[in-house]
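Reviewing the structure listed below.
Ligands are counted one by one from 1 in listed order, and the atoms in each one are counted from 1 as well. Every heavy atom of this structure was used, including side-chain atoms; hydrogens, water molecules and symmetry mates were not.
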Amino acid sequence: MDIRSQIAMVFHLDKCIGCHTCSIACKNIWTDRKGAEYMWWNNVETKPGTGYPSKWEDQDIYKGGWVKKGNSVLLKGAGKIKGIKGLFHNPNMPVLEDYYEPWTYEYENLFEAKEGDDQPIARPVSLITGETITPKSGPNWDDDLGGSEDYAKNDVNFKNISPAEKEAMFHLERMTMHYLPRMCNHCLNPACVASCPSGAIYKRGEDGVVLINQEKCRGWRMCVTACPYKKSYYNWNTGKSEKCVLCYPRLEAGEAPACHQSCVGRIRYIGVMLYDADKIEAAAASDEENLIANQMDIYLDPNDPEVIAEAIKNGIHESTIEAAQKSPVYKFVKEWGLALPLHPEFRTLPNLFYVPPLLPTMAFVNEEGVYETTTEHFWGAIEKSRLPMSYMASLFSAGNEEIIKIVLKKLMAVRLHRRSETVGDLPEKETKDAIRDAVLDKETADEIFRLTSLPLFDERFVIPAAHREEAIEMLESASDYKGSTGFGFKVPPKRGL
Ligand code: SF4
Ligand code: SF4
């Protein structure tokens, strides 16, 4: 057992209101600079939809992530040989059109235009060329249009659902959408780290944050191709790649990242997970049907005395272990089994987990074509969900619909239980059956309700402040670390290397 600690996150999708406050908080702090205008380290997509950059989930186009090879994994598009061959011509790299040409408006024209017959206007101007442009795409171009045919039909996840199901989804009465906030997953098996020919990307030993050393980066952009989530970006002004730093200066002071702190819907949770680094390679190379179970198996019970003893032996500080014991992420992911990784089939073992949206199952179109919302006959409604299970399974469970149904059953059981407690209009048997079917009990259902609906700030964000001596070690390791020269499978370095 080789125990390490990782800062991990949960996003509760039923709570996201698509306000983009998270993206703006991040933009104002980190990417409001020349060359970084088009970067959205945090972005919020509408699903179904094509996302940002366009069709980022399609690895036939971008060749990101890993592929299974025997008992190990290989980078799909940026391995040793492929990487060198592609240094000067890489057709799998997203180009500006896949993102968008960033623009501002000629605001000064509103004040300074010469007197004339027409109202002065503020025309859009490219932030790259300074020329007037007509914007044709943007980071949230299809915002709120998830149900519309123009954008939603091009969603890559429809590859995995039948044409009949796809067609049915676009009946006006059935259309539905949800938001999908995204950021770097600070993966346990980060393809960006392994792909970097310069060894500039590293995973911090203390908390698993993945960073790019700007001094070492040579702008080869292998990480841009390798990251299947397209969360590493190239700064055209500095000639270096950049990515989310999980607001590490805030983390070190025990504060939540800005996107978390500012989240209006309070959908975000952050906490420590203890994990066994010895299991990473085998989990990443799992058969598709076991990917999630084996990733879950990597995360360890922070209350287990054996785990605690090993963690201390491995140099993990007591305050980090205590934080892991109070981690809301551990509860959602391991204890309750409610949160799932996005596209586990990319095999990077992401540390951002999503509670899938229950909303599309709460109303359905009946045989007469009438739109119904009912708490009766709920279990049938999961089958009739306006968002097909196969679609959600394509997002969150490598195609395994059963995993999604189990999560949705739990979420609904909590709702039925709370309704029966507070309104009291449901037959007792129905609530009891729902709780039993979801393998929950009333106490756990209440706990889930509390952490979902009424959590205090300190319950959502449980972050151990880094210790000064560890911060110094981290800085030294950032410049000395030789373990991420890429070209092959790598596990994160030990703490304090
Ligand atoms: S999501 Fe994973 S692979 Fe992509 S940049 Fe972040 S750590 Fe690297
Ligand atoms: S701030 Fe929170 S609620 Fe608003 S879009 Fe971002 S994740 Fe969703």
Side-chain angles (χ1 to χ4, degrees), residues 6-28 39-47 53 56-57 59 62-66 73 75-78 94 139-140 143-144 177-196 200-204 207-212 217 221-234 241-246 256-270 280 284 341-344 346-355 357 460 484 486 490 492:
Q6 170 76 46
I7 292 280
M9 298 159 279
V10 164
F11 290 1
H12 197 308
L13 292 184
D14 268 327
K15 297 171 74 183
C16 180
I17 55 172
C19 61
H20 300 267
T21 310
C22 45
S23 306
I24 298 301
C26 176
K27 167 85 28 206
N28 282 338
M39 294 181 200
W40 293 88
W41 291 358
N42 182 105
N43 73 303
V44 182
E45 292 167 14
T46 297
K47 283 290 181 189
W56 63 270
E57 292 157 289
Q59 303 315 331
Y62 294 119
K63 305 270 189 272
W66 302 87
V73 283
L75 286 172
K76 192 176 172 95
N140 57 340
D143 204 19
D144 295 347
M177 48 155 273
H178 65 92
Y179 297 107
L180 183 71
R182 299 205 303 116
M183 56 187 282
C184 168
N185 298 282
H186 298 276
C187 307
L188 289 181
N189 182 30
C192 56
V193 173
S195 71
C196 177
I201 313 185
Y202 61 102
K203 190 165 173 68
R204 275 202 331 186
D207 52 15
V209 174
V210 175
L211 298 171
I212 301 179
C217 177
R221 289 175 264 178
M222 287 296 130
C223 53
V224 179
T225 303
C227 173
Y229 300 93
K230 290 293 161 275
K231 282 296 169 191
S232 186
Y233 301 86
Y234 178 69
S241 294
E242 299 179 7
K243 63 177 286 304
C244 158
V245 296
L246 204 57
C259 55
H260 284 62
Q261 182 100 12
S262 64
C263 176
V264 176
R266 301 182 182 189
I267 81 157
R268 294 173 180 234
Y269 301 80
I270 194 162
I280 290 178
L342 180 63
H343 289 299
F346 296 164
R347 298 178 187 272
T348 61
L349 308 180
N351 284 303
L352 164 51
F353 301 89
Y354 293 85
V355 178
R460 280 192 289 138
S484 65
K490 292 287 168 199

Under 3.5 Å, side chain of [X] to main-chain N/O of [Y], donor-acceptor pair present?
X    : Y    : result
E242 : Y233 : no
N189 : I280 : no
E45  : R182 : no
N185 : C187 : no

Let me see the working for Y202 and L211 under side-chain contact (heavy atoms from CB on, under 4.5 Å), right down to the final yes or no. CA-CA 6 Å; Y202 61 102; L211 298 171; 3.6 Å; yes
Please tell me if the side chains of [X] and [Y] come closer than 4.5 Å, counting only heavy atoms from C-beta onward.
X    : Y    : value
L352 : C184 : no
T225 : S195 : no
R268 : M183 : yes

From atom 8 (Fe) of ligand 2, work out which of C19, S23, C16 has a heavy atom at the shortest distance. C16
[atom]: which protein heavy atom is closest, and how many Å away?
atom                    : answer
atom 2 (Fe) of ligand 1 : C187 SG, 2.3 Å
atom 3 (S) of ligand 2  : G265 N, 3.3 Å
atom 1 (S) of ligand 1  : N185 N, 3.3 Å
atom 6 (Fe) of ligand 1 : C184 SG, 2.3 Å
atom 4 (Fe) of ligand 1 : C227 SG, 2.3 Å

Within a distance under 4.0 Å of any heavy atom of [X], pick out the atoms of ligand 1 and give their elements.
X    : result
C192 : 3 (S), 5 (S), 7 (S), 8 (Fe)
A191 : 3 (S)
Y229 : 1 (S)
K243 : 5 (S), 6 (Fe)

Backbone or side-chain N/O/S of C22 under 2.8 Å of atom 6 (Fe) of ligand 2: yes
Under 4.0 Å from a heavy atom of [X]: which atoms of ligand 2 are those, numbered in the order shown and with their elements?
X    : value
H20  : 4 (Fe), 5 (S)
V44  : 5 (S)
V264 : 1 (S), 2 (Fe)

Nearest 0.5 angstrom please: H178 NE2 to Y354 OH, how far? 10.5 Å
Rounded to the nearest 0.5 Å, what separates atom CD1 in I17 from atom OH in Y179? 8.5 Å
Would one find an N, O or S atom of C263, in either backbone or side chain, under 2.8 Å from atom 4 (Fe) of ligand 2? no
Can a cation-pi geometry be assigned to K27 and W40, taking NZ or CZ under 6.0 Å from the six-membered ring centre and within 45° of the ring axis? yes
Sub-4.0 Å heavy-atom contact, R268 with ligand 2: yes
Ligand 2 contact on I267 by region, counting heavy-atom pairs under 4.0 Å: side chain
